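Read the structure below first, then the notes.
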Amino acid sequence: VSGRPSAACALVLAAGLGKRMRSALPKVLHPVGGRPMVLRVLQAARGAGLAEAVVVTGRGADAVEEAVRAGLGQQSSFVCSFARQEEQLGTGHAALRGLPLCRAQDVLILPGDAPLLQADELRRVLEAHAAAGAGVTLLTARLSDPTGYGRIVRDPDGGVRAIVEERDADPGQRAITEIFTLVACFRRDLLASALGECGTENAQGELYLPDAVRVARARGELVQALLAREPADVLGVNDRRALAAAEAALRARVLGALMEAGVTVTDPATTFVDEAAQVAPDVRLLPMTVVEGACRIAAGCEVGPGAHLRDSVLEAGCRVWHSVVEGSTLGPGCAVGPYAHLRPGCRLGRDVVVGNFAEVKNAVLGDGTKQHHHSYVGDADLGAAVNVGAGVVTVNFDGQRKHRTTVGDGAFLGCNANLIAPIEIGRGAFVAAGSTCDGPDPAGALGIARARLEVREGWVARRNALPPPPP
Ligand code: UD1
Ligand code: CA
């Protein structure tokens, strides 16, 4: 975080009903890019250098507060507290609920439903506010379609006179394309006293935060406005269409940054990458790929088509296609897929192959080990250059507890072998196809546990000669 800590406290308005979402989930908890909107707003505030935030909650307050606590985690550098607004009587009313918890000299009002806000933009507002010693610094934006937003009404001298909500605007005001973002820095005492003078004589019968601007201006306070550099970033999400638009915009932002950094994204429309991911230059992300959580993907990897990675590490030159990889680490040059599933806790060495319909869980596969086909390896430690045949199953669960399987370097596990854990297969040992092994197979030995083939010559002809069964 560059810039000095500001004296301002963020005041996030997040108590609204979100009626237009038509959702059981509080609006500000709808995720964008995998994180609740309100958390994104708080992260932008923290990124802007603020150390303190108050979140005003109401609808679904418990859930919102819990999500914020969980999302922020333990951060001694950022303190977040909550104020309740039991009845949603407007954004100004919400701000009044939160204000007593803000002790800083200035308050940065933030909407809980603007997930695309960026730290830089907020920092600009804070800095302009401090530099001018302003009473109010508004963030505004020029939109080609201002529908639904409050309009910025200016005096002939260019100063902001008032903000008029769409529903209260006359046709002339509706034609204004400069809108209020609901991002505004106020001197704390000014906001409190100005809101105290505002009424609820408007189309919604609510106490509007934007009305405080009119009062401040009338008192001769310095009210300044900053135009957003990126108008798309101030989007307020009021309905599901806007939610999808926010998702698309965020995705474009993340993928754009990756492409600028040298990552190939062949189909941005079907590629989803968490911004917490680290993707090296010359990685190729192919269509229908999802990279979730804090993944790290090293140079030369090819991910997709159809790959879903979550919280995983791919060392250089790996290939993952039509497969799911969760909570696992792949060494250099590994190949996974198609149709493989690496569940959490896997560690693959160098040049490991996990192929068609293979499932691996909480297992170590040493360098050069191959698990090409239909098989399950769970709770296991496989050495280097082990061959896992088709249909091999580690029988790791006895109905009560999980047990571990150990396989030495160079061992050969024949097709359809069942390894009943706990069990140890020695270095270079061979397990015959179809064996159900209930004990160790020592190094260099052949373990075989299966019935012999019994051959009955002429059996088919004799059966066919029998009279057909009655109908
Ligand atoms: C608001 C602004 C509008 C601005 C737009 C920017 C007002 C009256 N209007 O309109 O000028 O252009 O945001 O997106 O402020 N909330 C509460 N308690 C309430 C009402 C709302 O906490 O009683 C919260 C909501 O949860 C939401 C935020 O305030 O996060 C904004 O409320 P919303 O109803 O979405 O306002 P808009 O109609 O979008
Ligand atoms: Ca809104």
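Sequence positions, counted from 1, serve as the residue numbers for this chain. First listed ligand is number 1; within each ligand, the first listed atom is number 1. Fair warning: this is a prediction, and the values are worked out from it, not measured in the lab.
Within the 3.5 Å criterion, the main-chain N or O of Phe82 finds no donor-acceptor partner in the side chain of Arg84. In this structure a side-chain-to-backbone donor-acceptor pair under 3.5 Å is missing from Thr147 to Asp145. Between the side chain of Ser312 and the backbone N or O of Gly327, at least one donor-acceptor pair lies under 3.5 Å.
Within the 4.0 Å heavy-atom shell around ligand 1 one does not find Glu166. Look at His93 and you'll find every heavy atom at least 4.0 Å from all atoms of ligand 1. The shortest separation from a heavy atom of Ile179 to ligand 1 is not under 4.0 Å, leaving the residue out of contact.
Side-chain N/O atoms of Thr200 and Glu206 include no donor and acceptor closer than 3.5 Å. Checking His30 against Ser23 by side-chain atom types alone, a donor-acceptor pair falls below 3.5 Å. If you check the side chains of Asp168 and Asn202, you find no donor sitting under 3.5 Å from an acceptor. Of the N and O atoms on the side chains of Gln105 and Arg187, not one donor lies less than 3.5 Å from an acceptor on the other residue.
Near Lys27, meaning under 4.0 Å from one of its heavy atoms, ligand 1 places the atoms 35 (O). Residue Asn238 has at least one heavy-atom neighbour below 4.0 Å for each of these atoms of ligand 1: 35 (O), 39 (O). For ligand 1 and Ala94, the ligand atoms under 4.0 Å from any heavy atom of the residue are 17 (C), 18 (N), 22 (O). Of all the atoms in ligand 1, the ones that sit under 4.0 Å from a non-hydrogen atom of Ala14 are 22 (O), 26 (O). Which parts of ligand 1 touch Thr181 is read off a 4.0 Å heavy-atom cut-off, strictly below it: atoms 6 (C). Here is the list of ligand 1 atoms found below 4.0 Å of a heavy atom in Gly90: 18 (N), 19 (C), 20 (C), 23 (O).
Looking at Val234 against ligand 1, nothing comes within 4.0 Å, counting heavy atoms. The proximity of Glu206 to ligand 1, defined as any non-hydrogen pair under 4.0 Å, does not occur for either the backbone or the side chain.
Here's the thing with Tyr149: none of its N/O atoms is less than 3.5 angstrom from an N/O atom of ligand 1. Annotation: Pro210 places no N or O atom under 3.5 Å from an N or O atom of ligand 1; distance criterion only. Considering backbone and side-chain N/O atoms, Tyr208 never comes within less than 3.5 Å of an N/O atom of ligand 1. Taking distance alone, with nitrogen or oxygen atoms compared against 3.5 Å, Gly150 approaches ligand 1 more closely than that limit. Distances between N or O atoms of Val56 and those of ligand 1 include no value under 3.5 Å. In terms of polar-atom proximity, defined here as any N/O pair under 3.5 Å, Phe180 does make such a contact with ligand 1.
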Practice task
Verify side-chain contact (heavy atoms from CB on, under 4.5 Å) between His372 and Val388, making sure each step is shown before the conclusion.
Solution key: CA-CA 7 Å; His372 275 289; Val388 181; over 6 Å; no
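Remark: minimum distance from atom 13 (O) of ligand 1 to any protein heavy atom is reached at Leu182 CD2, 3.5 Å. In terms of protein heavy-atom proximity, atom 11 (O) of ligand 1 is closest to Glu165 OE2, 2.7 Å. If you check which protein heavy atom lies closest to atom 32 (O) of ligand 1, you get Thr91 CG2, 3.9 Å. Protein heavy atom nearest atom 30 (O) of ligand 1, with residue, atom name and distance: Leu13 O, 2.8 Å. Of all protein heavy atoms, the one closest to atom 22 (O) of ligand 1 is Ala15 N, 2.8 Å. Scanning the protein heavy atoms around atom 25 (C) of ligand 1, the nearest turns out to be Gly16 N, 3.6 Å. Here the protein heavy atom with the shortest distance to atom 38 (O) of ligand 1 is Arg20 NH2, 3.5 Å. Atom 18 (N) of ligand 1 has as its closest protein heavy atom Gln85 OE1, 2.7 Å.
The one candidate from Glu121, Arg124, His129 that meets the side-chain contact (heavy atoms from CB on, under 4.5 Å) condition with Leu226 is Arg124. The residue from Thr271, Leu258, Ile297 that alone fulfils the side-chain contact (heavy atoms from CB on, under 4.5 Å) condition with Val291 is Ile297. Screening Leu101, Leu99, Leu209 against Leu11 for a side-chain contact (heavy atoms from CB on, under 4.5 Å) leaves a single residue, Leu99.
Counting only heavy atoms from C-beta outward, the side chains of Tyr376 and Lys361 approach each other to under 4.5 Å. By the 4.5 Å heavy-atom criterion applied to side chains, Val336 and Leu330 are counted as neighbours. At least one side-chain heavy atom of Leu342 sits less than 4.5 Å from a side-chain heavy atom of Leu348. Proximity of Glu359 to Arg343: side-chain heavy atoms (C-beta onward) are separated by under 4.5 Å at one or more points.
Residue-level check: among N/O/S atoms of Asp113, OD2 sits closest to the Ca ion (ligand 2).
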